[in-house]
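Because only heavy atoms are used, hydrogens play no part in the values below, and waters and symmetry mates are left out as well, while side chains stay in. Computed from a predicted model, the values in this text were never measured in an experiment.
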Amino acid sequence: FAIFPGLWLVFALPVITALGGYWLANSLSRIIKKQYRTLESEGNRAQQMLSFVDSLGEGRFSDELAITNENDHLGMSLKRLRDYMIRNKNEEEQRRIEEEQRTWVTNGLAQFAEILRRNNDNMEELAFNIIRYQVNYMKINQCGFFLLNSNSNGEQYFELLSFIAYDRKKFTDKIIPWGEGLIGRCGLERETIYMTDVPDNYLKVTSGLGESNPRSVLIVPLKANDEIFGVIEMASFQAFHEYEIGFVEKIAESIALTISTVRTNIQTAKLLRETQIQAEKMLQQEEELRQSLEEMQATQEESERREVERKGILDAIDHAAISCEFETDGTLISVNHNFLKTFKYKPEEIDGQNLKIFSFKDDADELESILMTLQSGANYRGRCRRRTKSGEEIYLLSTYSPVIDNEGEVLKIISVETDVTDQVRLEEEMKRSKEELGVLLNEARNEMKEQFKEIEAVKIRNEKTLEGALDAI
């Protein structure tokens with residue numbers, strides 16, 4: 001080594017190489033292990049994300065995905081996707097529930113309209129069919145129908161006309177004075193009463209398992225054009241939903257209008273019977289007017305026949321009402337076929353038009369008043385005069401109902417109408433016929449008085465002639 005110092009380098013070189021190789025191998029091993037751990041971590045993370053995506057696809061939104069750091073953009077995006085899917089599912093479920101509620105209300109109104117078209121000449125039968133339908137359709141436990149009447153002193157009271165408990169008809173008499181109790185208060189205030197805290201002594205719901213206090217009571221006035229015709233009281237073990245209360249309030253208005261129609265029919269029939277009795281008495285007392293009275297009787301029979309025909313026609317068209325939708329300012333949104341047929345327009349002719357084109361100038365103020373009522377969120381029921389495309393005057397029995405959103409804003413108005421032009425003209429004709437009959441009777445009486453006067457004058461002249469002849473003899 002002293003002679004050749006470079007030999008140290010020769011002997012040391014393998015050792016240095018071995019140490020260098022060991023160090024290099026150790027470094028590469030650490031790098032490989034680090035890369036392996038990184039790949040393993042990324043694989044586990046990918047597996048977690050894949051499982052999370054599978055959970056989302058299967059609708060399991062409760063699974064959680066841990067966010068490793070603020071740079072985990074994919075994880076945060078997946079969580080945002082899950083939140084969006086949860087919101088979308090909730091919104092879809094809410095829309096489904098609302099659609100089911102609207103379908104339930106629409107079907108109920110259609111079935112109820114059919115009930116009102118039947119038995120409209122018998123108040124007790126009509127009341128029983130109404131509450132039986134409500135008990136079955138709304139799945140409630142009890143329902144009572146109170147009709148507003150008045151005694152000979154003009155004092156008003158509510159009479160329990162029909163009552164059903166657990167789908168069985170109950171026979172009971174009950175009179176509630178005006179303004180007393182919840183029934184009387186409902187009629188006095190003309191507002192719906194809904195109670196969920198029912199007093200123990202208010203009423204008992206009876207079933208095969210015994211008696212129990214109801215959980216909720218709903219009392220709705222039968223109101224039309226701000227006039228009270230009665231009250232409906234319902235009791236149930238379940239709470240009433242808001243859409244169910246709205247449904248009952250809608251049918252309550254239809255019931256009130258039907259009661260008004262039934263009472264009008266009864267009064268008209270009574271007046272018709274009285275007119276017939278008077279006509280028969282006049283036929284017996286005044287022979288000279290027999291021919292005229294027979295002609296009037298024939299006219300009356302013809303009117304009755306026309307009335308029967310008219311009723312048949314109305315019953316036929318009841319299956320297809322006149323309907324349209326319009327904005328709160330009266331701008332039309334959509335109309336059905338019967339609307340176009342009634343007003344004699346083509347679809348393109350009324351596109352974007354206002355209800356004003358169907359009204360006469362004299363009815364402009366009335367239409368504005370109706371629109372203001374609807375804009376306030378209230379319903380409207382009444383008979384309206386309308387104008388067709390050709391200027392023809394028609395009359396419609398109109399029902400306008402505003403559609404209100406969750407914030408209380410009126411979105412649009414739905415109109416359901418029935419053509420009652422023939423009925424209006426028939427009423428005017430009957431009124432004119434009655435007036436003409438009175439004029440004929442007065443003329444006949446005056447004529448008979450004149451004839452009696454002439455007979456008396458002839459009698460006096462004959463007596464004087466006879467006296468003169470006797471004196472001459």
Side-chain angles (χ1 to χ4, degrees), residues 97-98 100-109 111-113 115-116 126-148 158-170 172 174 176 178-207 211-224 226-259 377-379 401 404 408:
I97 293 174
E98 292 176 353
E100 288 179 353
Q101 292 174 355
R102 284 193 294 269
T103 302
W104 184 86
V105 171
T106 302
N107 294 337
L109 291 175
Q111 296 175 20
F112 191 78
I115 292 175
L116 292 181
L126 178 63
F128 174 70
N129 288 334
I130 287 172
I131 62 175
R132 181 178 62 179
Y133 162 78
Q134 286 185 272
V135 167
N136 294 334
Y137 192 73
M138 298 184 66
K139 295 179 175 57
I140 58 179
N141 307 111
Q142 288 187 2
C143 185
F145 187 102
F146 293 84
L147 185 66
L148 181 62
F158 289 99
E159 177 184 3
L160 182 58
L161 199 61
S162 189
F163 175 66
I164 286 183
Y166 273 93
D167 202 27
R168 295 182 180 178
K169 187 175 183 181
K170 304 294 183 180
T172 180
K174 190 174 184 180
I176 300 178
W178 174 262
E180 294 187 10
L182 291 177
I183 300 297
R185 196 185 86 185
C186 178
L188 180 64
E189 297 178 354
R190 293 174 167 81
E191 295 293 338
T192 298
I193 297 177
Y194 176 48
M195 296 190 309
T196 54
D197 186 13
V198 183
D200 293 336
N201 60 349
Y202 181 72
L203 58 83
K204 294 291 184 182
V205 175
T206 305
S207 69
E211 293 185 348
S212 179
N213 207 45
R215 179 181 176 184
S216 59
V217 172
L218 179 64
I219 306 174
V220 180
L222 304 180
K223 179 177 64 174
D226 205 32
E227 181 180 357
I228 296 296
F229 293 89
V231 169
I232 286 183
E233 180 185 41
M234 291 169 286
S236 176
F237 287 135
Q238 305 296 329
F240 290 94
H241 298 287
E242 183 177 352
Y243 73 92
E244 292 178 321
I245 297 176
F247 168 71
V248 176
E249 289 176 340
K250 288 181 180 180
I251 65 176
E253 295 178 359
S254 300
I255 294 172
L257 291 173
T258 302
I259 293 175
N379 295 327
S401 300
I404 303 176

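Between L222 and F145, the closest side-chain pair of non-hydrogen atoms falls below 4.5 Å. The side-chain heavy atoms of F163 and Q142, taken from C-beta on, include a pair separated by under 4.5 Å.
To the nearest 0.5 Å, the span separating CE on M138 from CD1 on I251 amounts to 7.0 Å. Atom CD1 of I228 and atom CZ of F158 lie 6.5 Å apart (nearest 0.5 Å). The CG atom of L147 sits 11.5 Å away from atom OG of S162, with the distance rounded to the nearest 0.5 Å. Rounded to the nearest 0.5 angstrom, Q101 CD and H241 NE2 are separated by 7.5 Å.
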Problem set entry | Full working for side chain to side chain contact (heavy atoms under 4.5 Å, CB included) between I164 and F128 | CA-CA 8 Å; I164 286 183; F128 174 70; 3.4 Å; yes
Exercise. Would F240 and T196 count as a side chain to side chain contact (heavy atoms under 4.5 Å, CB included) if you check the C-alpha gap in whole Å, the side-chain angles of each, and the deciding distance to 0.1 Å?
Worked result: CA-CA 9 Å; F240 290 94; T196 54; over 6 Å; no
For this session: Evaluate side chain to side chain contact (heavy atoms under 4.5 Å, CB included) for T258 paired with I130, printing each intermediate quantity in order.
Result: CA-CA 11 Å; T258 302; I130 287 172; over 6 Å; no
For this session: Apply side chain to side chain contact (heavy atoms under 4.5 Å, CB included) to the pair F229 and I255, showing each step before the final yes or no.
Result: CA-CA 9 Å; F229 293 89; I255 294 172; over 6 Å; no
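Scanning both residues, M234 and C143, for their nearest heavy atoms gives CG-SG, 3.6 Å. Nearest approach of P221 to A252, heavy atoms of both residues: O-CB, 3.6 Å. When all heavy atoms of N141 and F237 are compared, the pair lying nearest together is OD1-N, 2.8 Å. Closest of all the heavy-atom pairs between G144 and I131 is C-CG2, 4.4 Å. Heavy atoms only, all atoms of each residue included: L257 and A224 are closest at CD2-CB, 3.7 Å. What you find for V217 and A235 is that their closest heavy atoms are CG2-CB, 4.3 Å.
Side-chain atoms of Y194 never come within 3.5 Å of backbone atoms of S216 as a donor-acceptor pair (strictly under, hydrogens ignored). For the pair Y137 (side chain) and W104 (backbone), a donor-acceptor distance under 3.5 Å is present.
In this structure, E244 has no salt bridge (Lys or Arg N to Asp or Glu O under 4.0 Å) partners at least two apart in sequence or on a different chain.
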Donor-acceptor pairs under 3.5 Å, side chain of residues 178-192 to any protein atom, not counting sequence neighbours: which ones?
{"residue": "R190", "atom": "NE", "partner": "D226", "partner atom": "O", "Å": "3.2"}
{"residue": "T192", "atom": "OG1", "partner": "E249", "partner atom": "OE2", "Å": "2.8"}

